[in-house]
Amino acid sequence: MSSAVSWFVTIATLVSLLVFFLILQLNKSVSRPGQTTGHDYDGIQEYDNPLPAWWYWGFMFTIVFGIGYLIYYPGLGNYKGVSGWTQVGQLEADQKEADDKYGPIFAQYRSVPVEELATNPAALKMGHRMFINNCSVCHGATGEGSFGFPNLTDSEWLWGSEGATIETTIIGGRKAAMPAWEGVLNDSQITEVTEYVLSMSARPDVDQALADKGQQHFMTFCAACHGPEGKGQTMFGAPDLTNDIWLYGNSRSRIEYAIKKGRNGEMPAFANKLGEDKVHILAAYVKSLSQ
Ligand code: HEC
Ligand code: HEC
């Protein structure tokens, strides 16, 4: 935290401890043992006695304890405390303990190929849990995907369906590079190539004359990644454009938008977060989803 905030926290904490202490002293000095306060609640009167000793000392103890705690642990702004304890250190120690304990359970599957592991119920159960924790935010609880996040249960793969390839995807992440074409193609050319893309998946509402013109643009600008027949190429993460599976929606306007503005879907890398043993099991789980 900034030093201004640090000072604010430090001073506010110490001042409130001091105020607690002073209130306790005040209670002791202004009370009049044996006399009433003069308040009268439905005929019930209140003695103006000081706090009972056990209460007073109990309070004092919490103040002393608080000061000791604030010296030992970090609590006063940026002051680190004499113990050297940190939240990150604690987390790392806990993680190491968990890794030592559970690591071997994950490691035992490392030598089994992904394809074979994808039929192992025990491994799939672990994979399912890890998927829910790490992947479902984007890919959905059952891997069904959503706008911009690929469905992992279908037959189309942007980057490839081999077990080893799926593992590479999860370990290193992926970044799709579909360029924006609005600076290269003018509006009518974009309309034409959009029509051609629609015609590739045999849509009934296609204007064939426009599509025929669009084919040239496709061959010039798009075939390098999407392939001359639009079947896609996993080397570039370029999707098959000839089927009914669309990452960014199937309407004419969505497809035109993708062509105009480009698309750059990004799959985060999990090597550091999960480690390769867990990723291996996850790859098997993902593989099992489409089988
Ligand atoms: C922050 C969102 C996000 C999270 C979390 C995420 N992914 Fe992804 N994932 C994506 C996106 C976006 C893509 C598509 C990248 C692209 O457009 O090429 C993708 C692609 C993939 C692919 C490639 C699919 C194909 O068709 O080739 C696999 C496999 C995959 N993710 C598995 C996982 C697994 C397993 C996890 C959990 C460990 C995970 N993802 C977590 C966003 C995410
Ligand atoms: C450099 C390689 C490359 C070129 C060239 C390229 N694309 Fe793409 N295209 C991609 C990639 C990669 C994706 C996937 C984007 C993502 O996953 O975020 C994609 C996605 C798309 C999509 C969206 C598909 C969906 O499922 O929603 C359309 C439509 C598309 N491209 C059409 C075209 C057209 C038309 C051209 C030529 C004008 C073209 N692309 C040129 C790589 C390319």
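Side chains included, hydrogens not; waters and symmetry mates left out as well; all remaining heavy atoms used. Predicted model, so just to flag it, every value in this text is computed and none were measured. In each ligand, atom 1 is the first atom listed, and ligand 1 is the first ligand listed.
Annotation for ligand 1: atoms under 4.0 Å from non-hydrogen atoms of Leu282 are 38 (C). Residue-ligand proximity, Ala176 to ligand 2, at heavy-atom distances under 4.0 Å covers atoms 12 (C), 15 (C), 16 (C), 17 (O), 18 (O). Close approach of ligand 1 to Gly148 is summarised as follows: ligand atoms under 4.0 Å from at least one heavy atom of the residue are 12 (C). Per-residue contacts place Ile255 under 4.0 angstrom from the following atoms of ligand 2 (heavy atoms of the residue considered): 29 (C). Shown in contact with Val197 at under 4.0 Å from a heavy atom are these atoms of ligand 2, numbered in order with element: 35 (C). Near Trp181, meaning under 4.0 Å from one of its heavy atoms, ligand 2 places the atoms 5 (C), 36 (C), 37 (C), 38 (C), 39 (C), 41 (C). Proximity to Gly265 (heavy-atom distance under 4.0 Å) selects the following atoms of ligand 2: 16 (C), 18 (O). For ligand 1, the atoms sitting less than 4.0 Å from at least one non-hydrogen atom of Glu266 are 10 (C), 11 (C), 12 (C), 42 (C), numbered in the order shown with element in parentheses.
The closest side-chain heavy-atom distance from Met130 to Val279 is not below 4.5 Å. Looking at heavy atoms from C-beta onward, Leu158 lies out of side-chain contact with Met267 at the 4.5 angstrom threshold. A 4.5 Å side-chain heavy-atom check between His128 and Ile132 finds at least one atom pair inside the cut-off. The closest side-chain heavy-atom distance from Met200 to Phe218 is below 4.5 Å. Side-chain contact between Asp244 and Asn250 is absent, with no heavy atoms from C-beta onward closer than 4.5 Å. Proximity of Leu274 to Phe106: side-chain heavy atoms (C-beta onward) are nowhere separated by under 4.5 Å. The closest side-chain heavy-atom distance from Tyr257 to Arg254 is not below 4.5 Å. Under the 4.5 Å side-chain criterion, counting only non-hydrogen atoms from C-beta, Thr242 is not in contact with Ser201.
By the criterion of a separation under 2.8 Å, the protein N/O/S atoms near atom 8 (Fe) of ligand 1 amount to His139 NE2, Met267 SD. Annotation: protein N, O or S atoms under 2.8 Å of atom 8 (Fe) of ligand 2 (waters excluded) comprise Met178 SD, His226 NE2.
Where the criterion is an N or O separation shorter than 3.5 Å, residue side chain and backbone included, Tyr248 meets it with respect to ligand 2. For a threshold of 3.5 Å applied to N or O pairs, the pair formed by Gly237 and ligand 2 contains no separation below that value. For ligand 2, the polar-atom distance check against Leu185 finds no nitrogen or oxygen pair separated by under 3.5 Å.
Taking the six-membered ring for Trp and thresholds of 30 and 60 degrees, Trp181 and Phe221 have ring planes inclined between 30 and 60 degrees apart. Taking the six-membered ring where the residue is Trp, Phe59 and Trp55 present parallel rings, their angle staying beneath 30° rather than reaching 60°. Between Trp85 and Tyr73, the angle of the ring planes goes over 60°, which puts this pair in the perpendicular group of the 30/60° scheme.
Counting heavy atoms under 4.0 Å from ligand 1, residue Trp157 touches it through both backbone and side chain. Neither the backbone nor the side chain of Thr194 comes within contact range of ligand 2; no heavy atom lies under 4.0 Å. Residue contacts with ligand 2 for Phe236 involve N, CA, C or O but no side-chain atom from C-beta outward (heavy atoms, distance under 4.0 Å).
The protein heavy-atom contact nearest to atom 41 (C) of ligand 1 is Phe270 CE1, 3.5 Å. If you check which protein heavy atom lies closest to atom 25 (C) of ligand 2, you get Leu247 N, 3.4 Å. Atom 18 (O) of ligand 1 has as its closest protein heavy atom Trp159 NE1, 2.8 Å. In terms of protein heavy-atom proximity, atom 5 (C) of ligand 2 is closest to Phe221 O, 3.3 Å.
With Leu158, Val137, Ile132 as candidates, the residue nearest to atom 26 (O) of ligand 1 on a non-hydrogen basis is Leu158.
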Decide yes or no on side chain to side chain donor-acceptor pair (under 3.5 Å) for Asp212 and Gln208, but give the supporting numbers first. CA-CA 6 Å; Asp212 289 344; Gln208 200 53 48; 3.1 Å; yes
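The shortest heavy-atom distance from Ala177 to ligand 2 is under 4.0 Å.
With rounding to the nearest 0.5 angstrom, the OG atom of Ser16 is 11.5 Å from the CD1 atom of Ile11. Rounding to the nearest 0.5 Å gives a distance of 8.5 Å between CD1 of Ile71 and CG of Leu76. For the atom pair CZ of Arg174 and OG1 of Thr168, the computed distance is 6.0 Å after rounding to the nearest 0.5 Å.
For the pair Glu162 and Lys287, the salt-bridge criterion is not met [side-chain N within less than 4.0 Å of a carboxylate O]. Using a 4.0 Å cut-off between charged side-chain N and carboxylate O, Glu276 and Arg110 make a salt bridge.
Note on Tyr196: it clusters hydrophobically with Leu241, by side-chain heavy-atom contacts below 4.5 Å among ILVMFWY residues.
A donor-acceptor pair under 3.5 Å is formed between the side chain of Arg252 and the backbone N or O of Asp205.
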